[in-house]
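In what follows, a structure is listed as structure tokens, so that the remarks can point back to it.
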Amino acid sequence: MSTNKKHSEWQENELAASLNRFPERKEEFSLHGDAEVPRLALPDEIDDDYLEHLGFPGQYPYTRGVQPTMYRGRFWTMRQYAGFSTAAESNKRYRYLLEQGTTGLSVAFDLPTQIGYDSDDAMSLGEVGKVGVAIDTLADMEALFADIPLEKISTSMTINSPAIVLLAMYIVVAEKQGIPADKLRGTIQNDVLKEYVARGTYIFPPQPSLGLITNIFQWCSSNMPLFNTISISGYHIREAGSTAAQEVAFTLANGITYVQTALDAGLEIDHFAKRLAFFFNASSNLLEEVAKFRAARRLWARIMKNRFDAKKPASMMMRFHAQTAGSSLAARQIDNNIVRVTLQALAAVLGGTQSLHTNSRDEALSLPTETSVRTALRTQQIIAHESGVADTVDPFAGSYYMEQLTDSIELAAEELIAKIEQTGGVVACIEDGFIKRQIEQAAYDYQKEIESAERVIVGVNAFQIDEEEKPELLRVDPAVEEAQVKNLRQVRAQRDEGEVQTLLATLKQAAESDRNLMEPILDAVRAYASLGEICSVLREVFGEYRD
């Protein structure tokens with residue numbers, strides 16, 4: 001049986017299973033995955049079959065969480081996404097956050113770094129250090145993590161197309177601290193498929209990009225067993241305007257593609273799947289968001305078990321990081337954003353997140369100030385220690401409305417995944433624009449609701465006031481770019497240029513073959529080859545993607 005036919009039959013069986021959970025209510029499903037989320041009325045009584053469908057926390061299909069005790073065992077990891085200006089300035093912010101009680105670091109890189117350009121490249125002009133930290137060479141990564149014990153802290157890095165290069169730099173920094181790669185914990189986003197439809201920081205075409213991701217899976221499964229090799233991201237899909245059901249569908253469809261690519265490369269499902277992680281948006285509709293997380297977790301468990309024949313429980317568990325919705329932050333009455341972030345963070349916690357970042361009140365206007373970041377972190381700490389929601393493993397267990405909404409979102413997501421399969425898979429849907437059109441239509445509909453006041457956004461289209469006071473904002477000094485370029489040129493002047501060029505030539509030969517590129521990139525990084533130089537070599541071999 002062909003792979004496509006097998007997958008099509010699997011999808012039909014999964015949809016049928018969803019419809020058959022409550023056969024007496026089948027006519028109440030409305031299967032329109034790209035329109036309104038369907039509603040399902042539940043039976044008046046909960047019977048044994050329903051309890052089996054609901055399951056228990058820490059047990060397949062993990063609807064109610066991936067750990068039996070959830071936060072009664074330990075709290076989620078409290079991360080604060082940070083990075084701006086130079087590596088030294090960002091290092092100060094990281095150490096401040098650690099002093100304030102954050103339990104994990106999350107690195108934001110500037111735009112040139114995200115798309116593989118050095119700070120002195122003409123393409124980088126005006127963008128160095130603006131939306132994240134500038135990382136050109138190993139020297140910058142060393143400064144970024146100076147005096148931070150990498151064996152004790154979990155580090156998440158939001159980097160995609162050049163993820164293999166930044167991961168190599170992180171590994172070498174740890175080496176210099178005397179920490180072997182197998183002791184490192186954290187996550188690298190490494191999810192390039194969503195870049196083509198939602199975010200835009202791609203470099204190479206989809207197929208070679210998938211090859212680089214598989215290289216990371218292969219190398220890390222043998223050398224970095226504690227590190228999450230990808231964070232399959234629905235966050236940016238939702239930020240681009242998708243619905244909750246679309247966020248689940250497109251994220252899991254990307255996940256299916258990554259898993260299948262790894263299997264096609266010869267990896268074993270239970271060898272690498274336990275290090276897959278996810279990243280979701282936490283938006284303001286609290287109950288819908290909780291249901292979304294439950295639906296995503298259950299659907300992924302079924303996909304891994306029934307479609308990919310995973311055997312180990314860890315391979316079926318969806319472990320995810322959540323971030324509050326940046327697109328929901330308003331530039332007017334910015335203190336209202338604290339309330340929005342609190343609701344969104346609560347939704348993530350009630351939905352069972354393993355890690356959480358809370359946005360700061362001023363991020364609709366600028367990078368956050370230190371005071372705003374502290375308030376955002378305190379929001380998580382108050383939820384953890386004062387709200388009482390962490391005292392119960394699953395506060396929504398057995399709620400008729402919650403289970404109805406969970407089933408509805410799951411079914412809508414399944415239908416969208418089926419459409420993607422029928423169209424030829426995610427890469428085909430990227431190339432013909434199907435996914436992008438779906439997101440754009442949802443974003444357009446949402447904006448129309450705001451402009452017509454059908455949807456009320458407090459302080460934006462209702463309850464407005466005249467504001468006289470201007471909030472204190474963080475500004476990145478334009479001199480940062482000049483200093484960063486100067487530092488990069490000093491590194492180039494001090495390194496062994498002959499060695500660098502030899503290693504870059506070796507990397508090019510490896511890229512032209514079927515070799516895993518992790519080791520050649522590690523060698524180039526150790527010699528202080530720059531991010532831009534390494535990506536330039538890969539551009540020569542792989543080409544660049546044009547939308």
Side-chain angles (χ1 to χ4, degrees), residues 77-110 112-114 118-119 128-129 131-160 162-190 216 219-220 223-224 226-229 231 321 355 357 367 370 373 377 476 480 483-484 487-488 490-491 494-495 518 521-531 534:
T77 300
M78 299 181 192
R79 297 189 188 279
Q80 286 304 120
Y81 184 52
F84 63 96
S85 185
T86 63
E89 284 299 312
S90 294
N91 174 265
K92 291 178 184 177
R93 175 64 62 87
Y94 294 157
R95 287 189 283 127
Y96 172 78
L97 288 168
L98 291 170
E99 290 168 1
Q100 295 301 313
T102 192
T103 54
L105 298 178
S106 187
V107 183
F109 297 96
D110 72 355
T113 303
Q114 292 181 49
D118 287 336
S119 295
V128 175
V131 298
V133 61
I135 300 293
D136 292 315
T137 70
L138 179 61
D140 293 320
M141 195 68 96
E142 290 172 316
L144 187 65
F145 291 105
D147 301 317
I148 294 174
L150 299 185
E151 78 280 11
K152 296 179 181 179
I153 199 75
S154 170
T155 302
S156 173
M157 292 184 280
T158 302
I159 193 73
N160 296 285
I164 194 168
V165 184
L166 276 297
L167 178 60
M169 289 183 182
Y170 187 73
I171 292 166
V172 177
V173 168
E175 285 177 1
K176 288 175 170 283
Q177 290 187 7
I179 305 163
D182 62 5
K183 301 297 182 186
L184 296 174
R185 294 179 298 113
T187 303
I188 194 159
Q189 193 164 107
N190 197 29
I216 293 172
W219 193 90
C220 290
N223 297 280
M224 290 181 80
L226 304 179
F227 206 86
N228 296 325
T229 51
S231 180
H321 169 73
S355 171
H357 163 82
L367 291 170
E370 195 170 89
V373 167
L377 176 59
V476 176
V480 163
Q484 182 67 20
N487 290 341
L488 172 59
Q490 285 179 343
V491 171
Q494 293 169 358
R495 70 189 185 183
M518 195 71 203
I521 289 174
L522 280 166
D523 289 340
V525 162
R526 290 187 185 102
Y528 291 86
S530 71
L531 171 73
I534 293 170

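Here the structure is a predicted model, which means the values were calculated and not measured.
- Between Tyr96 and Glu370, the closest heavy-atom pair is CE2-CG, 3.4 Å.
- To the nearest 0.5 Å, atom CZ of residue Phe227 and atom OG of residue Ser156 are 7.5 Å apart.
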* **Criterion side-chain contact (heavy atoms from CB on, under 4.5 Å) on Met157 and Gln189, from CA distance to verdict** => CA-CA 6 Å; Met157 292 184 280; Gln189 193 164 107; over 6 Å; no
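- Here the CG-CD distance, from Asp147 to Gln177, works out to 8.5 Å after rounding to the nearest 0.5 Å.
- By the 30° and 60° cut-offs, the orientation of the rings of Phe145 relative to Tyr94 is parallel.
- Side-chain contact between Cys220 and Leu167: present, with at least one pair of heavy atoms (C-beta onward) separated by less than 4.5 Å.
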* For Ile179 and Val173, what are the C-alpha separation, side-chain angles and deciding distance, and is it a side-chain contact (heavy atoms from CB on, under 4.5 Å)? -> CA-CA 9 Å; Ile179 305 163; Val173 168; over 6 Å; no
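- Residue Leu105 is tested with Leu98, Leu150, Leu144, Thr77 for a side chain to side chain contact (heavy atoms under 4.5 Å, CB included); the sole match is Leu98.
- Of the inter-residue distances, the one linking Ile164 atom CD1 with Leu522 atom CG reads 8.0 Å to the nearest 0.5 angstrom.
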* Asked: For Ile171 and Met224, what are the C-alpha separation, side-chain angles and deciding distance, and is it a side-chain contact (heavy atoms from CB on, under 4.5 Å)?
  -> CA-CA 10 Å; Ile171 292 166; Met224 290 181 80; 3.6 Å; yes
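- Between Ile534 and Val525 the shortest side-chain heavy-atom distance falls below 4.5 Å.
- In this structure, CZ in Arg495 is found 8.5 Å from OG1 in Thr137, a value given to the nearest 0.5 Å.
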Identify all side-chain donor-acceptor contacts of residues 181-188 below 3.5 Å with residues at least two apart in sequence or on another chain.
| from | atom 1 | to | atom 2 | distance (Å) |
| --- | --- | --- | --- | --- |
| Arg185 | NH2 | Lys152 | O | 3.2 |
| Thr187 | OG1 | Asn228 | ND2 | 2.9 |

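- Here the straight-line distance linking atom OH of Tyr528 with atom CG of Asp140 works out to 10.5 Å at 0.5 Å rounding.
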